[in-house]
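Some notes on the structure that comes next.
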Amino acid sequence: MQHKHTHKHNDEKGSGSYHCPMNCEGDKTYKEAGNCPVCGMDLIEQPKLTPSSTQFTCPMHPEIIKEETGSCPICGMDLVPMSPQDNEEDKTYKELLKKMKIATAFSVPVFLISMADLIPGKPLTSILPQEGWDITQFFLTLPVVFYACWMFFVRAYDSVRTWNLNMFTLIGLGTGVAFVFSVFALLFPDIFPDQFKTESGTVYLYFEATAVILTLVLLGQLLEARAHSQTSGALKELLKLAPSEATIVENGEERVISIHDIKKGDLLRVKPGDKIPVDGEVVEGQSSIDESMITGEPIPVDKSTGDKVSSGTINGTKSFVMIAQKVGADTLLSQIIQMVNDASRSRAPIQKLADKISKYFVPIVVVISLGTFALWATFGPEPAYVFAFVNAIAVLIIACPCALGLATPMSVMVGVGKGAQSGILIKNAEALETMNKIDILITDKTGTLTEGKPSVDRIFAMQQDREESILEDIASLNQQSEHPLADAVVKYAKQKNINFKDVKDFEAIAGKGVTGYISSRKVILGNLSLMKQEKVTIPDELKNEIIKEQKLGKTVSYVAIDNEALGYISIVDAIKKSSHEAIDELVKSGIRVIMMTGDNANTAKAVASQLTLSEFQAECLPQDKLNKIKELQSEGLIVAMAGDGINDSPALAQANIGIAMGTGTDVAMQSANITLVKGDLKGILKAKNLSYEVMKNIKQNLFFAFIYNALGVPIAAGVLFPVFGILLSPMIAATAMSFSSVSVIVNSLRLKKISL
């Protein structure tokens, strides 16, 4: 079967793109449904990652067109989609179900006919002689082989042609040999030696084995198709969060528009119970918003003017107006959906073991099957060839490379989805595997341990009447900075109705502060390190005042004009309530926690003592955090770094696991392996627990797949026969094989129920 395929591009988010559930070819996707050319499994459709643009209309009033389901405003009838909406997974399931019904309808009579000799009085032979029943079996088997299950033979042929040997190679070989043997035995019985014949001189036929085995394999595929649809359930739930309509406010008038027509800067009215349409900021009114679908936290969050709101979250009982700031693929919800989708299809390092085994698996099974035939034909009881033939087929049928291949990707897919529902976004499967192994957590202070919502505590000037002019200068300077502390100063100045001045030659010096020229005077705002760099003179009285503030845990910035320090601004940033508890639990679990901050030693010490943190490092520049991580990694330690700012991005990228706070900058989120949407250190504990549970689940799956094949193949070959007289029918082997893959998927689905 030929496939059109393409490599996945970042902009390919729509449906109509298919991939293998076992990720055999990494990121490769196909433009049409079919089966994987490597493992032969049905390709599954990628969910459409953008909100649906399907429109709905009334069957009686076609002029009514809406963006979402509901009832017709004219006649009250349910609206129907204007284009078919049949999900591809449902289509696959329905097609398999139809074939399953046909296969069962023909296989059951074949099986009953083959069991005729066991029915007391043998009533069937009085209706038709045995030869007649043999021909009936042949005709009943044809629809099973050439219609309902023909796809298995096509896949087997493709696997041999491309030499990507897989589960279908074994099924096609086993059932194909049984069917062809039976046809020849029916038409030309005299060419077979006596070892293949019954006491009455007829050759044993295997039509019932062929039909029943193929039907059981089809049942396994059917159950898998149903289970697969549940593994991506979390992604589908996220997709449902995306609203399809919004209410725009233009010139004082409100009208409903499609989500796709919203532009940055539009004013949108959000009514009680509505979903927030895009990311933005509240500009009028206030409400409480349920953000549980994004952060995993059930308590609604109060929002008022100036607060950020995210697409897909649900408004409470009040109405408000917001300004659209991020639309389309830039919204947090769209980024979450994209990240979950990409991570679900990434490969974990533990998968390499299964990949290596799968490469040699099928040839080894074929060799074992041939060896089984030879041993039974030589040493088996009469009819030796019959025993040899049946056991060789049982070996081919029971082996299941598919269970090995599914063991890792199924757990990763469900685990990543579970994480997203709990506010933990995982970039790839490797991060999920490594998270459970971390030895050390390095954490930033502002926005990570603290709320990241700093506010101005006081402005101090050496000359008391200079406080207002100092505020004017530093607020003007900070207007051009992205730092949270700068934002706090600007907000404070606006509340005081300060006049902002023009700034020239603005410069932000990472980890130190900012400088710029106002009315030809050089204004310098920053830490002691910046003052030394700029050769600023600092009076002892000012130094002593600043040390007092710092010992209270406040962040203090010196203010200087030209080369003279004139005062300071102190800023408070409350420690998150959850930080203390999270650090305690991390330390108890054996993780060493180090706080590294750009703040001064006194403030750092005050925060560390409040959090009972024994290790901290103050006055860190971005390269200091980076070098510390490299140093720890050179000692063989696995390091996680938690941060939220642009200055943290080099360290986040260098760490074995970079953990970004979702409340921080986009750059930090892009550099990180894991993003905690709520920006709470407790999320690190959840991520660690999730990693542990997923890895445990993967190991269970791999153990099950290994042990199943390690026991199943020898039993099918007949190792129990000499001692216990037990042989495994190929039909029982087919049942076991079909359920092995399903059991791996079902075990993976248990991850949905874990509590983090």
Side-chain angles (χ1 to χ4, degrees), residues 9-15 47-57 64-70 81-83 238-287 289-291 293-294 301 303-316 318-341 425 479-480 482 487 490 494 646 662-667 669-670 675 677:
H9 297 287
N10 290 334
D11 59 351
E12 183 184 14
K13 297 176 191 169
S15 54
K48 189 169 183 179
L49 300 186
T50 50
S52 169
S53 56
T54 301
Q55 293 182 313
F56 298 84
T57 186
I64 300 296
I65 296 173
K66 284 189 171 277
E67 295 289 331
E68 57 187 5
T69 54
M82 293 179 73
S83 57
L238 285 169
L239 288 165
K240 284 179 193 170
L241 295 177
S244 58
E245 290 181 336
T247 303
I248 191 168
V249 181
E250 284 178 325
N251 305 320
E253 291 186 8
E254 296 178 8
R255 62 187 174 88
V256 176
I257 60 168
S258 166
I259 196 90
H260 305 285
D261 297 331
I262 298 173
K263 295 186 291 295
K264 196 174 170 181
D266 282 349
L267 290 176
L268 305 168
R269 165 77 63 189
V270 184
K271 295 175 182 174
D274 280 0
K275 288 177 182 174
I276 312 296
V278 291
D279 290 4
E281 190 176 291
V282 178
V283 292
E284 181 190 313
Q286 58 186 43
S287 189
I289 291 177
D290 178 2
E291 297 185 333
M293 61 293 298
I294 299 280
V301 182
K303 301 281 183 179
S304 55
T305 306
D307 287 335
K308 303 282 185 190
V309 288
S310 297
S311 170
T313 56
I314 299 169
N315 186 20
K318 295 178 183 175
S319 171
F320 64 88
V321 176
M322 62 175 283
I323 185 166
Q325 293 176 331
K326 289 182 180 178
V327 299
D330 294 331
T331 64
L332 176 63
L333 179 62
S334 294
Q335 289 175 346
I336 290 172
I337 289 167
Q338 185 64 57
M339 195 182 281
V340 171
N341 186 61
L425 303 183
Q479 267 197 305
Q480 299 187 35
E482 49 70 49
D487 193 40
V490 172
K494 284 178 178 173
I646 289 172
T663 46
T665 62
D666 288 349
V667 177
M669 287 170 69
Q670 285 159 14
T675 300
V677 179

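Between S311 and T331, the closest heavy-atom pair is CB-CB, 4.0 Å. Between V282 and S304, the shortest heavy-atom contact is CB-O, 3.5 Å. Heavy-atom minimum distance, I262 versus P277: CD1-CB, 4.0 Å. The heavy-atom pair separating Q335 from A329 by the smallest distance is CG-O, 4.0 Å. Here the shortest heavy-atom pairing between A324 and K263 reads CB-O, 3.7 Å. Minimum interatomic distance between V301 and E291 (heavy atoms only, all atoms of both residues): CG2-OE1, 3.6 Å.
A distance-only check finds a donor-acceptor pair linking the side chain of S334 to the backbone of G328 [under 3.5 Å]. Put simply, the side chain of K303 gets close to the backbone of K308: a donor and an acceptor are under 3.5 Å apart. Although no hydrogens or angles enter the test, the distance criterion places no donor-acceptor pair under 3.5 Å between the side chain of S310 and the main chain of D279. Under the 3.5 Å distance criterion, the side-chain polar atoms of N315 are matched with a main-chain donor or acceptor of K318.
Applying side chain to side chain contact (heavy atoms under 4.5 Å, CB included) to F320 and the options V283, I289, T305 leaves one that passes, I289.
Within 6.0 Å of atom CD in E250, more than 12 heavy atoms from other residues, nucleotides or ligands are found, so the atom counts as buried in its surroundings.
The line from CG of L333 to NZ of K326 is 13.0 Å long, rounded to the nearest 0.5 Å. Here S287 contributes atom OG and D274 contributes atom CG; the two are 10.5 Å apart, rounded to the nearest 0.5 Å. To the nearest 0.5 Å, the span separating CD1 on I248 from CZ on R269 amounts to 13.0 Å. Rounding to the nearest 0.5 Å places CD1 of I337 at 7.0 Å from CG of L241. Interatomic distance, CG of D266 versus OG1 of T247, reported as 12.0 Å (0.5 Å rounding). Put simply, CD on E254 and CG on L268 are 10.5 Å apart, with the number rounded to the nearest 0.5 Å.
Looking at heavy atoms from C-beta onward, L332 lies in side-chain contact with V677 at the 4.5 angstrom threshold.
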